[in-house]
Amino acid sequence: MSRCTKAFIHKNNLKHNIEQIRKFINPDVKLCFAVKADAYGHDAVLTSKIAEECGADFLAVATVEEGIELREAGITIDIILLSLCTPEEMPYLFKYSINPLIFNEENIKFLSDAADEYFSDNADGNCTKFNVFLAVDTGMGRIGCYPEEAGEQASFINSRKHLKLEGVCSHLCVSDGISEENISFTKKQGERFRIAVENIRAKGIEPEIFSCGSSAALLAYPELHFNMIRPGIIAYGYYPDEVTEDYLKSFGKDIKLKPVLSFETKVVAIRTIKKGESISYGRTFICEKDTRIAVLPVGYADGLLRRFSPGLCVTINGKNYPVRGRICMDQCMVEIGFDSDVKLWDRVVIFGPEESGALNTADTLAKIGNTISYEVLTSISKRVKKYIVE
């Protein structure tokens with residue numbers, strides 16, 4: 001049994017986007033594929049398997065549970081945990097081989113103590129070493145040591161019995177903005193990251209990986225690729241905020257992304273509503289004339305956010321029809337009028353790539369909801385099953 005509200009992962013589009021990404025990086029630059037937040041709503045397990053097929057070097061998650069889900073699904077490539085975890089979660093890092101970011105002595109010591117308790121020396125006397133990544137705060141103001149502290153923290157990590165510094169990471173906060181101020185700040189962050197790298201090397205430590213940028217930096221700042229890049233939104237077919245296709249073309253950079261996910265449902269009822277009658281909660285829509293509506297079994301609990309109406313249209317048989325009234329938790333209503341050919345059980349596409357028949361993308365919904373494609377995609381809930389199509 002399959003619910004009619006579902007999403008499809010267009011495998012060939014994901015492969016296309018990864019190929020486009022490869023064109024922007026040198027062959028020796030590693031690819032860390034962001035699959036946090038259920039792969040931006042695309043189903044982390046399905047997406048990770050495709051990324052693994054396409055030669056991704058790492059996967060990035062935000063919670064320990066996300067990493068465990070991938071391991072239990074048979075994913076074998078390296079996984080980086082981008083957010084911090086509690087001491088109670090730390091043993092699972094070792095059990096499932098999920099490599100975390102750490103950044104200060106307190107955090108390092110908690111992880112080291114957990115590693116000491118989890119690991120024991122091998123019979124031949126060798127000591128198990130667990131790879132970790134040092135987070136550096138170059139301007140994000142979230143997690144990370146300051147560049148001036150990076151050498152000391154790197155030394156402290158490597159002084160611990162069971163820890164080994166595999167890489168150094170930072171995150172850029174305005175690389176997706178194109179104002180002079182944002183460009184200047186992003187370059188400053190790059191300079192601060194280089195200071196961190198120099199301070200680490202001054203301690204005689206040479207980590208294997210240096211990573212500073214995600215999607216926007218990958219496209220717009222090749223000098224910040226270092227030897228690993230962490231694409232997120234562009235892998236799923238959307239440009240990072242102001243770093244659009246047209247903006248890149250103005251610099252002679254050609255990249256064509258394809259949306260990976262289509263979000264679909266079906267018409268489950270058609271009703272006639274008379275002039276003066278209202279539709280949905282709050283009576284925010286009053287019919288100005290007799291009309292017909294189609295009822296769709298999709299709502300904000302599925303990820304079709306309440307704020308998308310008024311403004312949202314959905315595609316039925318190649319034509320857009322407007323959502324009327326407030327979107328409910330599990331349903332919404334669409335005005336189809338008396339002249340349309342819409343009938344019961346017709347397929348409805350909320351957004352997706354062209355080949356899905358959609359006239360909208362996640363960017364369309366983002367503009368209506370005054371948000372970004374990231375939120376539209378990650379709002380798609382777990383109860384919306386995902387299926388792979390070519």
Side-chain angles (χ1 to χ4, degrees), residues 2-8 10 41 237-238 259-381 383-387 389:
S2 174
R3 183 181 176 220
C4 67
T5 297
K6 60 187 72 173
F8 292 95
H10 296 256
Y238 292 92
V260 171
L261 180 143
S262 59
F263 188 16
E264 306 180 7
T265 189
K266 289 185 177 180
V267 174
V268 295
I270 295 177
R271 300 191 58 220
T272 298
I273 306 294
K274 294 182 179 180
K275 178 181 178 179
E277 292 184 347
S278 60
I279 297 175
S280 198
Y281 290 108
R283 304 187 72 241
T284 59
F285 183 83
I286 309 294
C287 295
E288 296 181 352
K289 59 182 179 180
D290 290 358
T291 190
R292 288 193 311 160
I293 64 161
V295 180
L296 312 180
V298 59
Y300 58 78
D302 300 299
L304 194 65
L305 304 179
R306 200 166 181 258
R307 62 178 177 271
F308 292 153
S309 180
L312 175 63
C313 293
V314 299
T315 308
I316 310 173
N317 301 330
K319 182 179 177 181
N320 266 351
Y321 295 91
V323 173
R324 297 303 193 195
R326 288 178 177 161
I327 295 170
C328 310
M329 182 182 291
D330 313 297
Q331 301 176 82
C332 67
M333 283 65 74
V334 174
E335 185 175 11
I336 58 174
F338 291 106
D339 298 328
S340 74
D341 62 353
V342 175
K343 60 186 181 302
L344 200 62
W345 317 128
D346 273 351
R347 175 172 169 265
V348 180
V349 188
I350 299 163
F351 68 83
E354 289 182 8
E355 58 266 37
S356 72
L359 297 177
N360 304 321
T361 67
D363 280 334
T364 311
L365 276 67
K367 289 176 182 176
I368 295 168
N370 192 29
T371 184
I372 54 178
S373 59
Y374 304 70
E375 185 181 11
V376 174
L377 295 167
T378 57
S379 294
I380 298 175
S381 71
R383 80 177 190 181
V384 178
K385 299 294 184 184
K386 284 84 176 179
Y387 302 88
V389 294

Distance (rounded to the nearest 0.5 Å) between Ile279 CD1 and Ile286 CD1: 8.5 Å

Gap separating the CG atom of Leu296 from the CG atom of Asp330, nearest 0.5 angstrom: 12.5 Å

Nearest heavy-atom neighbours spanning Leu359 and Gly318: CD1-O, 3.6 Å

Taking every non-hydrogen atom, the tightest pair across Arg3 and Asp302: NH1-OD1, 2.8 Å

Any donor-acceptor pair under 3.5 Å from Lys385 side chain to Arg383 backbone: no

Ring pair (Phe, Tyr, Trp, His ring centres under 6.0 Å) contacts touching residues 308-340 (sequence neighbours left out): none

Donor + acceptor pair across side chains of His10, Ser356 (<3.5 Å): no

Heavy atoms of other groups near Arg271 CZ, more than 12 under 6.0 Å: no

Side chain to side chain donor-acceptor pair (under 3.5 Å) contacts touching residues 272-282 (sequence neighbours left out): Ser278-Arg283

Residues which pass side-chain hydrogen bond (donor to acceptor under 3.5 Å, both in side chains) with Thr291, listed by chain and number, not counting sequence neighbours: Glu335

Side-chain heavy-atom pair Val348, Val334 within 4.5 angstrom cut-off: no

Shortest non-hydrogen contact from Pro310 toward Ile368: O-CG2, 3.9 Å

Considering all heavy atoms, the nearest Ile336-Ala294 contact: CG2-CB, 4.0 Å

Heavy-atom side-chain proximity of Arg306 to Met329 below 4.5 angstrom: no

Residue pair Thr371 / Val376, side-chain heavy-atom distance below 4.5 Å: yes

Contact check, side chains of Cys332 and Leu304, non-hydrogen atoms, under 4.5 Å: yes

Test item: side-chain donor near acceptor, Asn320 and Thr315, under 3.5 Å: yes

Side-chain heavy-atom pair Val298, Gln331 within 4.5 angstrom cut-off: no

Full working for side-chain contact (heavy atoms from CB on, under 4.5 Å) between Val342 and Val267: CA-CA 8 Å; Val342 175; Val267 174; 4.0 Å; yes

Separation between CG of Leu312 and CG of Asn360, rounded to the nearest 0.5 Å: 6.5 Å

Where Ala358 and Gly352 come nearest, the two heavy atoms and their spacing: CB-N, 3.5 Å

Minimal non-hydrogen separation, Ala362 against Tyr238, with atom names: N-OH, 2.9 Å

Pair Ser2-Lys6, side-chain donor/acceptor within less than 3.5 Å: yes

Rounded distance (nearest 0.5 Å) linking atom CD1 of Ile316 with atom CZ of Arg347: 11.0 Å

Distance, nearest 0.5 Å, that separates OH of Tyr300 from OG of Ser379: 13.5 Å

Minimum side-chain heavy-atom gap Leu261-Phe8 below 4.5 Å: no

Partner set under salt bridge (charged side-chain N to carboxylate O under 4.0 Å, His left out) for Asp346, not counting sequence neighbours: Lys343

From CA spacing to verdict: side-chain contact (heavy atoms from CB on, under 4.5 Å), Ile293, Ile270: CA-CA 6 Å; Ile293 64 161; Ile270 295 177; over 6 Å; no

Sequence neighbours excluded - salt bridge (charged side-chain N to carboxylate O under 4.0 Å, His left out) pairs with any residue from residues 353-381: Arg307-Glu375

Sub-4.5 Å side-chain heavy-atom contact between Val314 and Val349: no

Minimum side-chain heavy-atom gap Ile273-Arg324 below 4.5 Å: no

Asp339/Arg292 salt bridge by N-O under 4.0 Å criterion: no

Residue pairs passing the ring pair (Phe, Tyr, Trp, His ring centres under 6.0 Å) test where at least one lies in residues 346-373, sequence neighbours excluded: Phe263-Phe351

